[in-house]
Every structure is written in structure tokens, then in C-alpha cells.
Amino acid sequence: MADFDYQVIIDSLPFLWRGMQLSLLLTALALCIGFAWGTVLAIMRVWGPAPIRWFSAVYVNVFRSIPLILVIFWFYFLVPLVTGESVGQFQSALIAFALFEAAYYAEIMRAGFNSVSREQYYAGQAIGLTYRQNMQYIILPQAFRNMIPVLVTQAIILFQDTSLVYVVALRDFMTSASVVASREGRLVEMYTFAALVYFVICFSGSMFVKRLQKKTVS
């Protein structure tokens with residue numbers, strides 16, 4: 001550790017921060033889109049007619065059965081071959097992440113919906129609420145409260161998975177650290193710093209999840 005060069009880390013902080021901005025932006029957008037599409041899929045699978053339930057189940061099982069890196073490859077390399085137009089690095093990564101994460105969010109929310117007893121729904125009907133009002137005021141608030149800790153955990157996993165965008169030559173935080181490590185010949189310093197940053201962010205997220213779980217139980 002005597003020759004551990006802290007200065008190379010300090011000098012590369014602006015470059016690494018640009019990579020971190022891309023990681024955070026991709027995580028936030030994929031989280032929002034994946035969560036919205038996952039909610040639709042979960043509602044379709046729980047309360048939809050048979051063909052809709054079948055479609056939702058097939059979608060979820062397909063995306064949960066293939067590696068995320070393959071989905072990224074598919075959108076980046078194969079879609080342009082089919083459509084004749086390039087999707088773009090960031091756009092293809094975002095679409096792949098959003099569609100992939102939607103499958104996981106759909107299963108999380110399906111479990112959350114099923115955690116609300118049928119009696120709650122029947123009670124809403126008994127006081128004259130429409131289907132939309134029943135979902136908006138009774139079912140969804142209780143279901144989301146039950147599933148928040150798992151949703152946050154999935155967001156942490158999504159943030160870690162953004163390091164896979166190196167396959168489409170996007171410079172996220174991890175890729176930026178690798179670039180500096182190779183360019184400066186300081187592998188130990190850069191990979192140690194990258195691991196420390198991921199640990200701080202993900203461990204803080206895990207502690208936040210534990211606090212949420214305690215509040216949910218209490």
C-alpha cells in the first residue's frame with residue numbers, strides 16, 4: 001500500500017463524476033419507465049381477462065429467463081438489423097433496462113396486490129366505489145406500502161447492473177474507472193475506489209430498506 005497513488009483518484013474525479021451522472025440518469029429513467037410498465041403488467045396479470053393474463057405471464061417469464069446483457073445486445077445490435085435504423089447507445093440501453101426491470105417490478109407488485117385481502121376490494125364495492133376508485137383509494141395504497149422495501153432493493157440492483165453498459169461502449173462510472181485504470185496503469189487504486197463507491201451507495205440503500213421494513217411492520 002506504500003505506493004498507493006491517491007492523487008490519480010483525485011485528478012480523475014471530474015471524469016468519474018461524468019460517468020456517475022450517466023449511471024444515475026440511466027438508473028432513474030429505467031426505474032421510472034420500468035416501474036410504470038411493471039405496474040400495468042401486474043394489473044393485467046392479476047385482474048385482466050385470460051388472454052391479457054397470458055400475455056403478461058409470458059412477458060414476465062421470458063424477460064426473467066434471459067440475462068440482462070443479452071437484452072442489451074439484442075436492442076443495440078439486432079433491432080437496427082430489423083428496422084434499418086440505429087437505436088443509439090444510450091437509448092438502446094435504456095429500453096433494454098426498462099423492459100427487463102418491468103418484468104421484476106411486475107412480479108413484486110403482483111405479490112403486493114395479492115397481499116391485500118379480497119375483502120378490502122369487496123368493501124370498496126359495498127360502499128359504491130367504482131373499479132378505478134377502488135384501485136386508487138383502497139388497493140394500490142396498501143399494496144405499495146407493503147412492497148416499498150422490495151422495490152427499493154430492486155432499484156439498488158438496477159444501479160449495480162448499469163455497469164453492464166460497457167458492452168455498448170457507454171461510459172458509466174465503472175467504465176470510466178476502467179478507462180482511467182488502463183490509461184494510468186493504476187488498476188489497484190481505481191478498482192478499489194470504484195468498489196468503495198459502490199459499497200457506500202448500495203450499503204446506504206440497504207440500511208434505508210431496513211428502516212422502511214421496520215416502519216412497514218410497526
Indicate yes or no for a side-chain donor-acceptor contact from [X] to the backbone of [Y] under 3.5 Å, with no hydrogens or angles considered.
X      : Y      : value
Gln142 : Ile138 : yes
Thr130 : Gln133 : yes
Arg53  : Gly48  : yes
Ser182 : Val179 : no
Tyr59  : Leu99  : yes

Give the minimum heavy-atom separation between [X] and [Y], together with the two atoms involved.
X      : Y      : answer
Ala143 : Gly112 : CB-O, 3.6 Å
Arg45  : Ser56  : CB-OG, 3.4 Å
Ser23  : Thr27  : O-OG1, 2.7 Å
Gln7   : Asp5   : N-OD1, 3.0 Å
Leu26  : Ala93  : CD1-C, 4.3 Å
Met147 : Ile108 : CB-CG2, 4.1 Å

Go through the steps to decide whether Asp161 and Glu101 satisfy the test side chain to side chain contact (heavy atoms under 4.5 Å, CB included), and finish with yes or no. CA-CA 10 Å; Asp161 286 345; Glu101 291 299 322; 4.2 Å; yes
Are [X] and [Y] joined in one hydrophobic group, where the rule is that I, L, V, M, F, W and Y side chains link up if heavy atoms are under 4.5 Å apart?
X      : Y      : answer
Val188 : Tyr6   : yes
Ile157 : Phe159 : no
Tyr166 : Phe77  : yes

Is there a side-chain contact between [X] and [Y], using heavy atoms and a 4.5 Å cut-off?
X      : Y      : result
Cys202 : Gln160 : yes
Val180 : Phe193 : no
Ser206 : Val209 : no
Leu29  : Phe90  : yes
Tyr191 : Met174 : yes

Residues Met20, Asp172; criterion side chain to side chain contact (heavy atoms under 4.5 Å, CB included); working and verdict: CA-CA 6 Å; Met20 178 59 75; Asp172 71 316; over 6 Å; no
Between Phe97 and Ile33, does a side chain to side chain contact (heavy atoms under 4.5 Å, CB included) hold up when you go through it step by step? CA-CA 9 Å; Phe97 271 97; Ile33 299 171; over 6 Å; no
Check: Phe203 ring centre within less than 6.0 Å of Tyr198 ring centre: no
Could you check whether Phe63 and Tyr104 have their ring centres less than 6.0 Å apart? no
Mark yes when over 12 heavy atoms from residues, nucleotides or ligands other than Arg171 sit less than 6.0 Å from its CZ; otherwise mark no. no
Does atom CZ (Phe208) have a neighbourhood of more than 12 heavy atoms from anything else shown, all under 6.0 Å? no
Does NZ or CZ of Arg64 lie under 6.0 Å from the centre of the six-membered ring of Phe100, at an angle within 45° of the ring axis? no
Report the C-alpha distance between Gln21 and Phe173 in whole Å, list the side-chain angles of each, state the deciding distance to 0.1 Å, and finish with yes or no for side chain to side chain contact (heavy atoms under 4.5 Å, CB included). CA-CA 8 Å; Gln21 286 179 306; Phe173 175 73; over 6 Å; no
Parallel, tilted or perpendicular: ring planes of Phe113 versus Trp47, cut at 30 and 60 degrees: tilted
